[in-house]
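A short write-up of the structure that comes next.
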Amino acid sequence: MSAPGIYLAPPQLSVLATSPWYRYLTRVQRLRVGDRVRLLDGRGGQRDAVLTHVDKTGLRFEAGPTTVRPPLESELILCPALLPHKRMDWLIEKVTELGVDVIQPISTQHTSVPAPTDDLPERLARWSRKASEAVRQSGRQALPEIRPPCSLTALLEAWATEQAKDSSSIIVWLDPEGAPALPTHSPGGRWRLLLGPEGGWSEGERCALRATGPVSLCISPHTLRAETAAMSAVAVCSFLLGRHAKAPQT
């Protein structure tokens with residue numbers, strides 16, 4: 001069994017008893033002095049460490065140098081329309097387990113949930129905690145990047161500018177009237193996957209999406225909840241990107 005991993009950015013080598021990691025290591029993993037731990041920085045860096053001290057105030061470690069995971073040959077960016085709080089939390093948790101690299105929430109004309117404003121820092125922190133828990137459970141080495149929500153219009157404008165400089169990205173948007181399969185492609189590259197609200201894209205948004213040049217995809221002949229559609233689409237795209245094979249442990 002591989003050593004458990006926790007998120008602890010260099011040069012930190014201790015965990016206070018008030019931290020969730022304290023309970024995880026002492027009660028869930030039941031580690032003792034001398035047991036090994038992987039200290040992850042959330043950006044692909046890892047340090048092999050040994051637990052050297054345990055008491056009621058916290059834990060201390062001795063760690064080796066940081067090793068960095070080689071960059072991925074592909075990147076999967078999910079752009080889901082905002083959902084009510086608990087459902088958005090659940091979506092972030094599950095797509096993190098499936099290996100999404102970036103989560104960029106969006107607002108659309110039919111989105112029923114207002115974009116966070118005054119509570120944006122708290123919302124981002126909550127999403128990061130959900131992603132961190134999912135990473136710990138799934139064995140991923142790096143946390144996904146979670147970006148602040150933006151409008152679909154702003155996102156497409158930014159992508160149009162980027163596409164002018166780099167046309168290698170593949171943009172896919174889920175649509176009940178889309179194609180039943182993706183076109184022939186080679187694994188790798190940057191994939192951007194757009195998931196609309198349960199009310200569907202507006203006609204104006206459909207026109208804007210078509211003008212940007214993405215591929216529309218119908219993931220199922222049935223009406224799916226947004227969370228189900230997101231998980232299904234991410235699983236399909238991950239497979240097509242060649243990311244279904246288990247990565248070697250470092």
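We're numbering straight along the sequence, starting at 1.
- Expressed to the nearest 0.5 Å, how far NZ of K86 lies from NZ of K130 amounts to 9.5 Å.
- Residues C218 and P176 approach most closely at SG-O, 3.6 Å, considering heavy atoms.
- Separation of atoms OG1 (T66) and CZ (R47) is listed at 5.0 Å; rounding is to 0.5 Å.
- Panel note: side chain S238, backbone A235; no donor-acceptor pair is recorded below 3.5 Å.
- A side-chain donor-acceptor contact under 3.5 Å links W201 to the backbone of L174.
- Residues V95 and L124 share a single hydrophobic cluster, defined by chaining ILVMFWY side chains whose heavy atoms lie under 4.5 Å apart.
- Between the side chain of E198 and the backbone N or O of A226, at least one donor-acceptor pair lies under 3.5 Å.
- L224 and L83 fall within the same hydrophobic cluster, where Ile, Leu, Val, Met, Phe, Trp and Tyr residues are linked whenever their side-chain heavy atoms come under 4.5 Å apart, directly or through other members.
- When every heavy atom of Y22 is checked against every heavy atom of D55, the shortest pair comes out as OH-O, 2.7 Å.
- At least one side-chain heavy atom of P149 sits less than 4.5 Å from a side-chain heavy atom of L120.
- A donor-acceptor distance shorter than 3.5 angstrom exists from the side chain of D101 to the backbone of L76, with no hydrogens or angles considered.
- Taking both residues in full, the closest heavy atoms of C237 and L193 are given as SG-CD2, 4.3 Å, listed atom of the first, atom of the second, then distance.
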Original post:
Run the side chain to side chain contact (heavy atoms under 4.5 Å, CB included) check on W127 and I103 step by step: do they pass?
Top reply: CA-CA 10 Å; W127 291 340; I103 302 172; over 6 Å; no
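- Put simply, NZ on K94 and OG1 on T228 are 12.0 Å apart, with the number rounded to the nearest 0.5 Å.
- Remark: side-chain polar atoms of E75 are not paired, donor with acceptor, to backbone N or O of W191 under 3.5 angstrom.
- Using a 4.5 Å heavy-atom cutoff, the side chains of S112 and P197 are not in contact.
- I106 contributes atom CD1, which lies 9.0 Å from atom CG of L78 (distance to the nearest 0.5 angstrom).
- Taken to the nearest 0.5 Å, the OG atom of S19 stands 8.0 Å off from the CG atom of L8.
- Cluster annotation: Y24 is connected to L143 through the hydrophobic network of ILVMFWY side chains, with a link wherever side-chain heavy atoms come within less than 4.5 Å.
- Note on L82: it clusters hydrophobically with W90, by side-chain heavy-atom contacts below 4.5 Å among ILVMFWY residues.
- In this structure, P10 and L39 have side chains that are not in contact, with every pair of non-hydrogen atoms separated by 4.5 Å or more.
- Judged by distance alone, the side chain of E205 and the main-chain N or O of Q109 form a donor-acceptor pair under 3.5 Å.
- No donor-acceptor pair closer than 3.5 Å links the side chain of R147 to the backbone N or O of Q104.
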**OP:** Please step through side chain to side chain contact (heavy atoms under 4.5 Å, CB included) for the pair L194 and L152, ending with a clear verdict.
**Re:** CA-CA 9 Å; L194 291 119; L152 175 65; 3.7 Å; yes
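- Residues R192 and V172 have side chains not in contact (no heavy-atom distance under 4.5 Å, counting atoms from C-beta outward).
- For CZ of R210, the number of neighbouring non-hydrogen atoms (other residues, nucleotides, ligands) closer than 6.0 Å is greater than 12.
- By the 6.0 Å contact criterion, CZ on R87 is enclosed, its count of non-hydrogen atoms from other residues, nucleotides or ligands being greater than 12.
- Within 6.0 Å of NE2 in H53 there are more than 12 heavy atoms belonging to other residues, nucleotides or ligands.
- Between atom CD1 of residue I92 and atom CD1 of residue I146 there is a gap of 5.0 Å, rounded to the nearest 0.5 Å.
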Subject >> Test log, rule side chain to side chain contact (heavy atoms under 4.5 Å, CB included), inputs L51 and R32 >> reply: CA-CA 7 Å; L51 181 60; R32 299 292 183 265; 5.8 Å; no
**OP:** Apply the test side chain to side chain contact (heavy atoms under 4.5 Å, CB included) to residues D175 and R206: give CA-CA distance (whole Å), side-chain angles for both, the deciding distance (0.1 Å), then the verdict.
**Re:** CA-CA 9 Å; D175 183 55; R206 289 174 183 274; 2.6 Å; yes
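- Criterion: ILVMFWY side-chain heavy atoms under 4.5 Å apart, direct or through other members. Under it, L16 and V37 are not part of a common hydrophobic cluster.
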